[in-house]
Amino acid sequence: MEQTLAILKPDSYANGNAGKILAHLEAEGFTIRGLRVVHLTEAQAGAFYAVHSERPFFGSLVEFMTSGPCIPVALERENAVKGLREVMGATNPAEAAEGTIRKLYAANIENNAIHGSDSPENAAIELAFFFSSSDLIAAR
Ligand code: GDP
């Protein structure tokens, strides 16, 4: 079993799609081990996306991620990191495969419904960004 971090982004929260996306993830075999509703500060969003700080869209991305509440979710499944990336679909919903979360719920390349960790190493870092180990329900 592997854990990964998803964030249902502010567009999903504002549009009332959070529950549908959680149901989609559960239907794909993910177990929810932790879940919060948070409204990120500019500093938090900037730190979370620090890897993109030199990109031209960084300021806009931080503005979007701080525009309203979002829902970080700790997910567990076999092959969770790679599996979540497949279920999410491509960054740009115009290029996302049919049936993926971004194809179904994303508006554009920035307002793209969901974040998912891109490697097991980053999943560990990103899970720790939002959850302490005592917040995560251990598998029985
Ligand atoms: P992800 O791993 O599929 O989320 O994609 P990236 O790590 O490359 O980018 C992080 C986030 O930045 C994306 O999910 C989008 O919200 C945003 N983003 C990525 N590329 C672009 C872009 O070209 N323009 C804009 N405005 N936002 C982007």
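For clarity, every value in this text was computed on a predicted model and none was experimentally measured. Whatever order the structure lists ligands and atoms in, that order sets their numbers, starting from 1.
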| message | Side chains of Asn79 and Lys82 only: does a donor on one sit below 3.5 Å from an acceptor on the other? | response | no

| field | Test item: side-chain donor near acceptor, Asn111 and Lys9, under 3.5 Å | value |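 The criterion, which ignores hydrogens and geometry beyond distance, is not satisfied for Lys9 and Asn111.
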
| request: With the side chain counted from C-beta on, respond yes when Val38 and Pro72 share a heavy-atom pair under 4.5 Å apart, and no when they do not. | output: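 They are in contact (side-chain heavy atoms under 4.5 Å apart), so the answer is yes.
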
| task | Using the six-membered ring wherever Trp is involved, compare the ring planes of His24 and Tyr105 and label them parallel, tilted or perpendicular (cut-offs 30° and 60°). | result |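 Taking Tyr105 first and then His24, their aromatic rings stand perpendicular (interplane angle over 60°).
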
| Should the ring pair Phe130 and Phe48 be called parallel, tilted or perpendicular, given that the plane angle runs from 0 to 90° and is split at 30 and 60? | tilted

| message | I'd like the contact residues of ligand 1, where contact means a heavy atom below 4.0 Å. | response |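 Under the 4.0 Å cut-off, ligand 1 touches Lys9, Tyr49, His52, Phe57, Leu61, Arg85, Thr91, Arg102, Ile109, Glu110, Asn112.
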
| task | State whether the number of non-hydrogen atoms from other residues, nucleotides or ligands found under 6.0 Å of Tyr13 atom OH is greater than 12. | result |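 12 or below, so no.
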
